[in-house]
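For clarity, every value in this text was computed on a predicted model and none was experimentally measured. To find a chain, count down the sequence lines: A is the first, B the second, and so on, and within it residues start at 1.
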Amino acid sequence: EDQVTQSPEALRLQEGESSSLNCSYTVSGLRGLFWYRQDPGKGPEFLFTLYSAGEEKEKERLKATLTKKESFLHITAPKPEDSATYLCAVADSWGKFQFGAGTQVVVTP
Amino acid sequence: GAVVSQHPSWVICKSGTSVKIECRSLDFQATTMFWYRQFPKQSLMLMATSNEGSKATYEQGVEKDKFLINHASLTLSTLTVTSAHPEDSSFYICSAPGGLEMNTGELFFGEGSRLTVL
């Protein structure tokens, strides 16, 4: 059975304090690993797709990396507007998506 | 990028009534849409896959008579919560795949619908 585990559950950062979020996964035939950002009371917003181990993607202060067992979302010099819940999801060989529970990030000024 | 619109964004209803939630793909056609349910601080749980022109596929444990799904056109899927009860109160989110091939691209999500059943 596909599984996605995100850690930590919550992360409190000072503005400018870089950190990383982890997404560990087991999936039968990875078709893609996805990172989303979700603000309270809103639907998830797409950030990145990673397809193969070794791949990296960057967007502003965010950088996502992928290995065969896990993905990291690095937040460099975060700002308060980066506060959100970050969701990781995998799509298996059948195209079915499995989401992690998310990491709630709070960045204080 | 692709946009998915969901309506209403929040709804309060009395126990026993039915509530319909709409999900529209605004600038692309979606033969498939997904309906999720999300509890506070928990993962998105896939409820069902909505297929245009055919019956929806429900996940194990989801009552198809309780959660009616209709995908009448390539841009509209609806979820109707029938005879709603307080335990149906939740955040419901729809999504549609936006990649070149179905299910290999990213999912685009609606804004979600907060249902509160009194």
Could you tell me which portion of A:Q98 (side chain, backbone, both or neither) has an atom closer than 4.5 angstrom to a non-hydrogen atom of chain B? neither

Heavy-atom pair with the smallest gap, counting every atom of B:S43 and A:F99: OG-O, 2.9 Å

Are A:V4 and A:L30 connected into the same hydrophobic cluster when the rule is that any two of I, L, V, M, F, W, Y join if their side-chain heavy atoms are below 4.5 Å apart? yes

Please find the pair of heavy atoms, one from B:F91 and one from A:Q38, that lie closest to each other, and give the distance. CE2-NE2, 4.0 Å

Measure distances from B:L46 to the heavy atoms of chain A and classify the residue's part below 4.5 Å as side chain, backbone, both or neither. side chain

Please tell me whether B:F108 and A:F48 are part of a single hydrophobic cluster in this structure, the criterion being side-chain heavy atoms less than 4.5 Å apart. no

For the interface with chain B, which of A:A101, A:P44, A:G102 has the highest count of heavy-atom pairs at distances below 4.5 Å? A:P44

By a 4.5 Å heavy-atom criterion (distance strictly below it), what part of A:E9 contacts chain B: side chain, backbone, both, or neither? neither

Can you tell which part of B:E111 gets under 4.5 Å to a heavy atom of chain A, answering side chain, backbone, both or neither? both

Which pairs, with at least one residue in residues 68-78 of chain A and sequence neighbours excluded, count as a side-chain hydrogen bond (donor to acceptor under 3.5 Å, both in side chains)? A:S20-A:H74, A:N22-A:E70, A:W35-A:S71

Considering only residues two or more places apart or on different chains, which pairs with a residue in residues 68-109 of chain A satisfy disulfide (SG to SG under 2.5 Å)? A:C23-A:C88

With only heavy atoms counted, which part of B:Q38 is less than 4.5 Å from chain A, the side chain, the backbone, both or neither? side chain

Transitively linked via ILVMFWY side-chain contacts under 4.5 Å: A:V107 with A:L21? yes

Is any side-chain heavy atom of A:F97 closer than 4.5 Å to a side-chain heavy atom of B:L107? yes

